[in-house]
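Have a look at the structure below before the remarks.
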Amino acid sequence: MNTDFNDNVFKIVRLIPKGRVTSYGAIAKALGAAKSSRMVGRAMNHSHAEQEYVPAHRVVNRNGLLTGKHHFKTPTSMQELLEIEGVEVKEDKIINFKHHFWDPLIELNIE
DNA sequence: TGGGTGACCATAG
DNA sequence: ACTATGGCCACCC
């Protein structure tokens, strides 16, 4: 049985609005597993196998760095997808990360 | 069974 | 700003 954790991660990622981004740690925290931010990354690795589209490009590390770009079809696709949505990216890093940040804890009104 | 690894994070210097 | 270190835990030899 697939971990619910896995499904919950995808569920949240799909909720990220266009032009916004969030971090692995924020998602982990929203799921009550702040200790396992690495698990979020592992879940994302499987995201390609999901039948429903998962906007993985909207998930970066807490530094606003596109650490997962090498897992996309091409090394530049992640950056291009973000720029299409209006997110500026320079040197694999999101400009004005704070401004684009989307916190699931706040937006989803979790306690 | 156990060591190595990772789309991470926090802290220290 | 940068490196080093430790914690985290599922997964793969």
Side-chain angles (χ1 to χ4, degrees):
Chain A
M1 53 212 82
N2 276 336
T3 59
D4 336 323
F5 184 80
N6 206 294
D7 292 332
N8 286 329
V9 170
F10 300 142
K11 204 178 295 181
I12 290 187
V13 173
R14 290 197 197 99
L15 292 175
I16 304 174
K18 179 182 169 188
R20 298 295 212 91
V21 292
T22 192
S23 72
Y24 301 95
I27 294 174
K29 204 179 256 185
L31 295 177
K35 29 185 171 179
S36 310
S37 47
R38 294 189 112 143
M39 301 302 98
V40 176
R42 183 156 286 282
M44 298 309 295
N45 201 336
H46 279 251
S47 65
H48 67 87
E50 284 290 301
Q51 294 193 340
E52 282 214 33
Y53 176 63
V54 178
H57 58 280
R58 298 183 188 144
V59 185
V60 296
N61 75 348
R62 72 150 195 120
N63 221 0
L65 203 62
L66 278 55
T67 50
K69 71 173 202 164
H70 284 293
H71 289 259
F72 283 74
K73 306 188 85 169
T74 74
T76 57
S77 53
M78 184 175 188
Q79 172 170 345
E80 288 172 5
L81 283 168
L82 285 171
E83 288 180 340
I84 288 172
E85 298 184 351
V87 179
E88 287 184 82
V89 177
K90 188 83 171 181
E91 303 287 317
D92 297 341
K93 193 178 74 208
I94 294 179
I95 305 296
N96 226 339
F97 179 54
K98 231 168 62 173
H99 177 69
H100 291 290
F101 187 69
W102 181 86
D103 190 347
L105 280 174
I106 298 174
E107 306 294 338
L108 301 183
N109 256 326
I110 301 179
E111 303 305 288

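The basis for the numbers below is simple: all heavy atoms, side chains too, and nothing from hydrogens, waters or symmetry mates. Naming: A, B, ... by sequence-line order, numbering from 1 per chain.
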Between [X] and [Y], which heavy-atom pair has the shortest distance, and what is it?
{"X": "Phe72(A)", "Y": "Ser77(A)", "result": "CB-OG, 3.0 Å"}
{"X": "Ala30(A)", "Y": "Ile12(A)", "result": "CB-CD1, 4.0 Å"}
{"X": "Ser23(A)", "Y": "Phe101(A)", "result": "N-CE1, 3.7 Å"}

Which donor-acceptor pairs under 3.5 Å do the side chains of residues 55-65 of chain A make with protein atoms, sequence neighbours left out?
from, atom 1, to, atom 2, distance (Å)
His57(A), NE2, Glu85(A), OE2, 3.1
Arg58(A), NE, Glu85(A), OE1, 3.0
Arg58(A), NE, Glu85(A), OE2, 3.4
Arg58(A), NH1, Ile16(A), O, 2.8
Arg58(A), NH2, Glu85(A), OE2, 2.8
Asn61(A), OD1, Asn63(A), N, 3.1
Asn61(A), OD1, Gly64(A), N, 3.2
Asn61(A), OD1, Leu65(A), N, 2.8

Does the side chain of His48(A) reach to within under 4.5 Å of the side chain of Lys73(A), using non-hydrogen atoms?
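Not touching, per the 4.5 Å side-chain cut-off.
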
Rounded off to whole Å, could you give me the [atom1]-to-[atom2] distance for the [X] and [N] pair?
{"X": "Ile27(A)", "N": "dC8(C)", "atom1": "CD1", "atom2": "P", "answer": "21 Å"}
{"X": "Asp92(A)", "N": "dA7(B)", "atom1": "CG", "atom2": "C1'", "answer": "13 Å"}
{"X": "Leu65(A)", "N": "dA1(C)", "atom1": "CG", "atom2": "P", "answer": "12 Å"}
{"X": "Leu31(A)", "N": "dC8(C)", "atom1": "CG", "atom2": "C1'", "answer": "16 Å"}
{"X": "Asn6(A)", "N": "dC9(C)", "atom1": "CG", "atom2": "C1'", "answer": "14 Å"}
{"X": "Met44(A)", "N": "dA10(C)", "atom1": "CE", "atom2": "P", "answer": "18 Å"}
{"X": "Asn45(A)", "N": "dC8(B)", "atom1": "CG", "atom2": "C1'", "answer": "14 Å"}
{"X": "Glu50(A)", "N": "dA7(B)", "atom1": "CD", "atom2": "P", "answer": "18 Å"}

At a heavy-atom distance below 4.0 Å, what parts of residues 82-91 of chain A sit against DNA chain B?
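Contacting residues: none.
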
Run the salt-bridge test on Glu52(A) and Lys11(A) with the 4.0 Å N-O cut-off and return the result as yes or no.
no

Counting the atoms with a prime plus P, OP1 and OP2 as sugar-phosphate, which does Asn61(A) contact under 4.0 Å by heavy atoms, base, sugar-phosphate, or nothing?
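Asn61(A): backbone/sugar contact only, no base atoms under 4.0 Å.
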
What's Ala56(A) touching, base or sugar-phosphate or nothing? Going by heavy atoms closer than 4.0 Å.
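Contact class for Ala56(A): base.
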
side-chain contact (heavy atoms from CB on, under 4.5 Å) with Glu83(A): which residues, sequence neighbours excluded?
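Glu83(A): side-chain contact (heavy atoms from CB on, under 4.5 Å) contacts with Gln79(A), Val89(A).
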
Quick one: hydrophobic cluster around Tyr53(A), which other residues, with the 4.5 Å side-chain cut-off, linked directly or via members?
none

Integer angstrom distance from the P of dT5(C) to that of dG4(B)
16 Å

If you assign each of Lys93(A) and His46(A) to its closest nucleotide in DNA chain C, which residue comes earlier from the 5' end?
Lys93(A)

Ignoring backbone atoms, establish whether Ser23(A) has a side-chain N or O less than 4.0 Å from OP1 or OP2 of dC8(B).
no

Sequence neighbours excluded and cut-off under 3.5 Å, please list the side-chain donor-acceptor pairs for residues 90-97 of chain A, or say none.
from, atom 1, to, atom 2, distance (Å)
Asp92(A), OD1, Lys69(A), NZ, 3.1
Asp92(A), OD2, Lys69(A), NZ, 3.1

Short heteroatom pairs, N/O only, protein and nucleotides 4-6 of chain B, under 3.5 Å:
from, atom 1, to, atom 2, distance (Å)
dG6(B), N7, Arg38(A), NH2, 3.0
dG6(B), O6, Arg38(A), NH1, 3.4

